[in-house]
K.L.:
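Before we start, here is the structure in question, set down as structure tokens.
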Amino acid sequence: MRRVSKALTAALAATALTFSLAACSDDEGDKPGAAGSEVEVFTWWASGSEKRGLDALVKVFNTQHPDVKFVNGAVAGGAGSAAKELLQTRLQQKNPPDTFQAHAGAELTDYIKAGQLQDVSGLYDEFKLRDAFPADLVNRLTVDGKIYSIPSNIHRANVVWANPSVLTGAGLDATAKYATIADWMTAMDKIKASGKTPLSVATTWTQVHLLETVLLAELGVDGYSGLWDGTTAWDGADVTGALTTFQKLMSYTNTDRDGLDWPEATQLVMDGQAAFNVMGDWAVAAFEEADKKAGTDFTYFPVPGTDGVFDFLADSFTLPVGAPHPDGAKAWLETVGSLDGQTAFNKAKGSIPARTDAKASDFSEYQQTAITSFGQDKIVSSLAHGAATPIAWLNKISEATSKFTTGATDLAGFQAELTTAAQG
């Protein structure tokens, strides 16, 4: 948590500088054509494959819109938590960036209700995005007949990353997949006996990420989706069973988890200190950056019990109300939705394009499997990454999860807090 606090402190300083620069440029904003002369793009893509993806997207943007200056508003820390805090402050002060990154889906609900986002449905027509994006995706992005963001990619959350050497060292078949989480935990017992960490995890948001995959595996597609539309009772026996499984899984994890973020947890698998890690498919870029070879140095498979299901999330970009450079923002949104932009960005980030006309052969082996799965699997919305719930609800779930995994509450208390969170 200290790591996030430092990032937040640095980000606040950077934001103060941004405010100062913005104030100094107010006179510029009144000049003809200035509305499109620059674009401040606010993201949490500040390092690793995320930064490489952003850089690749900016390169395309500079080619498509050489007259618009890109201003990087990236804020590091906590899978976007630091960025979201700063963003909320700016929006409340009516000092929005020109566009900001957000997870597509329910995460946008709070911004929409607060009247902080403009409808970009017209840009879908102008940029011909209704033809380029899957109809199901467009439907998921539509709120009361309006669309408030343009997705840059599609990620899959329900993926296990594994180290074959650790598995064989524990006497396990490195190519094995597991039908259920119970079967998977049997393998974890052997890994634990070998002296390795069975399952690496990091700070709270990664634990919520793990929790969502357990809920999906134990409740099934309909039961999991029902958690978000009210048809599945949070205080029911099925949820109790899933939380019990989550509790058992956490007993196989590294004890230093709360001091790590996802790259460090994934690194434990790369370094052969841990066997498994559950993380979104942005992890594939980290493995590849470290020159790890799929099938030899690492393997991947759906979280046991979720085969045939694509746990979906998407990064997207918005047009805030009061954006100081709306023409610049629209230029950025055009690049985000373009074939060249999505191809360059996703090749670097490890995700897959939202566009259906991208060539699968342009992407890695893993990405090609994800493209196939997204086209044929059942789709559900990610909890930890904003597709399933508004931010306020996710924050309550995160708080309850942190209390539970640090021993501040028991399983019954955990379930009671989750039930209260669902009630608003």
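Just so it is clear, the model here is predicted, and its values are computed rather than measured.
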K.L.:
Going through the checks in order, is the salt bridge (charged side-chain N to carboxylate O under 4.0 Å, His left out) test met by E264 and R257?
P.N.:
CA-CA 9 Å; E264 292 93 347; R257 58 192 179 234; over 6 Å; no
K.L.:
Can you name the nearest heavy-atom pair linking D98 to A329, along with the distance?
P.N.:
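Minimum heavy-atom separation between D98 and A329: O-CB, 3.3 Å.
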K.L.:
Kindly write out the residues that satisfy ring pair (Phe, Tyr, Trp, His ring centres under 6.0 Å) with W393, not counting sequence neighbours, or none if the list is empty.
P.N.:
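Expected list: W228.
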K.L.:
Side chains of D281 and Y300 only: does a donor on one sit below 3.5 Å from an acceptor on the other?
P.N.:
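Looking only at side-chain atoms, Y300 and D281 do not form any donor-acceptor pair under 3.5 Å.
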K.L.:
Would the number of heavy atoms belonging to other residues, nucleotides or ligands and lying under 6.0 Å from CG of D110 be above 12?
P.N.:
yes
K.L.:
Among V41, L87, L86, L319, find the residue that satisfies the side chain to side chain contact (heavy atoms under 4.5 Å, CB included) test when tested with F100.
P.N.:
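Filter result, single survivor: L87.
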K.L.:
Checking side-chain polar atoms at under 3.5 Å, does S200 have a donor or acceptor matched by the opposite partner on N277?
P.N.:
yes
K.L.:
Look at the aromatic rings of F317 and W45 and report parallel, tilted or perpendicular, splitting at 30° and 60°.
P.N.:
perpendicular
K.L.:
With no hydrogens and no angle check, do the side chains of D340 and S338 hold a donor and an acceptor under 3.5 Å apart?
P.N.:
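Short answer, no.
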K.L.:
Taking the six-membered ring for Trp, are F414 and F246 parallel (under 30°), tilted (30 to 60°) or perpendicular (over 60°)?
P.N.:
tilted
K.L.:
Could you tell me if Q415 and T240 have a donor-acceptor pair between their side chains, going purely by distance under 3.5 Å?
P.N.:
yes
K.L.:
Hey, does P97 have a side-chain heavy atom less than 4.5 Å from the side chain of R90?
P.N.:
yes
K.L.:
With a 4.5 Å limit on heavy-atom distance, are the side chains of I191 and Y252 in contact?
P.N.:
no
K.L.:
Check the side chains of S364 and Q367 for a donor-acceptor pair under 3.5 angstrom, ignoring hydrogens and angles.
P.N.:
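S364 and Q367 do have a side-chain donor-acceptor pair below 3.5 Å.
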K.L.:
In plain terms, say whether K396 and E417 are close enough for a salt bridge, that is, a side-chain N and a carboxylate O under 4.0 Å apart.
P.N.:
no
K.L.:
Taking all non-hydrogen atoms of both residues into account, name the closest pair between G337 and L129 and its distance.
P.N.:
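What the structure gives for the nearest pair is O-CD2, 3.7 Å.
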K.L.:
Does Q88 reach the side chain of Q116, with side-chain heavy atoms less than 4.5 Å apart?
P.N.:
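Yes - at least one pair of side-chain heavy atoms lies under 4.5 Å apart.
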K.L.:
What is the minimum heavy-atom distance between L141 and S149, and which atoms define it?
P.N.:
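Heavy atoms of L141 and S149 come nearest at CD2-OG, 4.3 Å.
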K.L.:
Would you say the side-chain atoms of Q207 and T401 include a donor-acceptor pair closer than 3.5 Å?
P.N.:
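T401 and Q207 do not have a side-chain donor-acceptor pair below 3.5 Å.
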K.L.:
If you compare all heavy atoms of V166 against all heavy atoms of A274, which two are closest, and at what distance to 0.1 Å?
P.N.:
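Closest approach of V166 to A274, heavy atoms only: CG2-O, 3.8 Å.
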K.L.:
Do NZ/NE/NH1/NH2 and the carboxylate oxygens of R156 and D377 come within less than 4.0 Å?
P.N.:
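Yes, charged N to carboxylate O under 4.0 Å.
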K.L.:
Using a 6.0 Å cut-off, check whether atom CD of E365 has over 12 heavy atoms from anything other than its own residue.
P.N.:
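Result for CD/E365: open.
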K.L.:
Is the CG atom of D222 crowded by more than 12 outside heavy atoms at less than 6.0 Å?
P.N.:
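It does not: D222 CG has 12 such atoms or fewer within range.
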K.L.:
Is it true that K293 and E288 have a side-chain N and a carboxylate O under 4.0 angstrom from each other?
P.N.:
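Between E288 and K293 there is no salt bridge, as every charged N stays at least 4.0 Å from the carboxylate O atoms.
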K.L.:
Report, as yes or no, whether the 6.0 Å neighbourhood of atom NZ on K292 holds more than 12 heavy atoms from other residues, nucleotides or ligands.
P.N.:
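It does: K292 NZ has more than 12 such atoms within range.
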K.L.:
Search all heavy atoms of V380 against all heavy atoms of S225 and return the closest pair with its distance.
P.N.:
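Minimum heavy-atom separation between V380 and S225: CG1-OG, 3.9 Å.
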K.L.:
Any chance the side chains of H385 and E212 put a donor and an acceptor closer than 3.5 Å?
P.N.:
no
K.L.:
What pair of heavy atoms forms the shortest contact from D258 to T203, and how long is it?
P.N.:
O-OG1, 3.9 Å
K.L.:
If you measure only the distance, is there a donor-acceptor pair under 3.5 Å linking the side chains of T180 and D183?
P.N.:
yes
K.L.:
For residues 343-354, dump all side-chain donor-acceptor pairs below 3.5 Å to protein atoms at least two apart in sequence or in another chain.
P.N.:
{"unit_1": "T343", "atom_1": "OG1", "unit_2": "L339", "atom_2": "O", "d": "2.8"}
{"unit_1": "N346", "atom_1": "OD1", "unit_2": "S351", "atom_2": "OG", "d": "2.5"}
{"unit_1": "N346", "atom_1": "ND2", "unit_2": "S152", "atom_2": "O", "d": "3.1"}
{"unit_1": "N346", "atom_1": "ND2", "unit_2": "Q342", "atom_2": "O", "d": "2.7"}
{"unit_1": "K349", "atom_1": "NZ", "unit_2": "H155", "atom_2": "NE2", "d": "2.7"}
{"unit_1": "K349", "atom_1": "NZ", "unit_2": "D315", "atom_2": "OD2", "d": "3.4"}
{"unit_1": "S351", "atom_1": "OG", "unit_2": "N153", "atom_2": "ND2", "d": "3.2"}

K.L.:
Can we say D55 and K59 salt-bridge, meaning some charged N sits less than 4.0 Å from an Asp/Glu carboxylate O?
P.N.:
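Judged by the 4.0 Å cut-off on N to carboxylate O distance, D55 and K59 do not form a salt bridge.
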K.L.:
Would the F276 and W161 ring centres measure less than 6.0 Å apart?
P.N.:
no
K.L.:
Assess the side chains of R140 and S381: does a donor N or O sit below 3.5 Å from an acceptor N or O?
P.N.:
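Judged by distance alone, the side chains do pair up.
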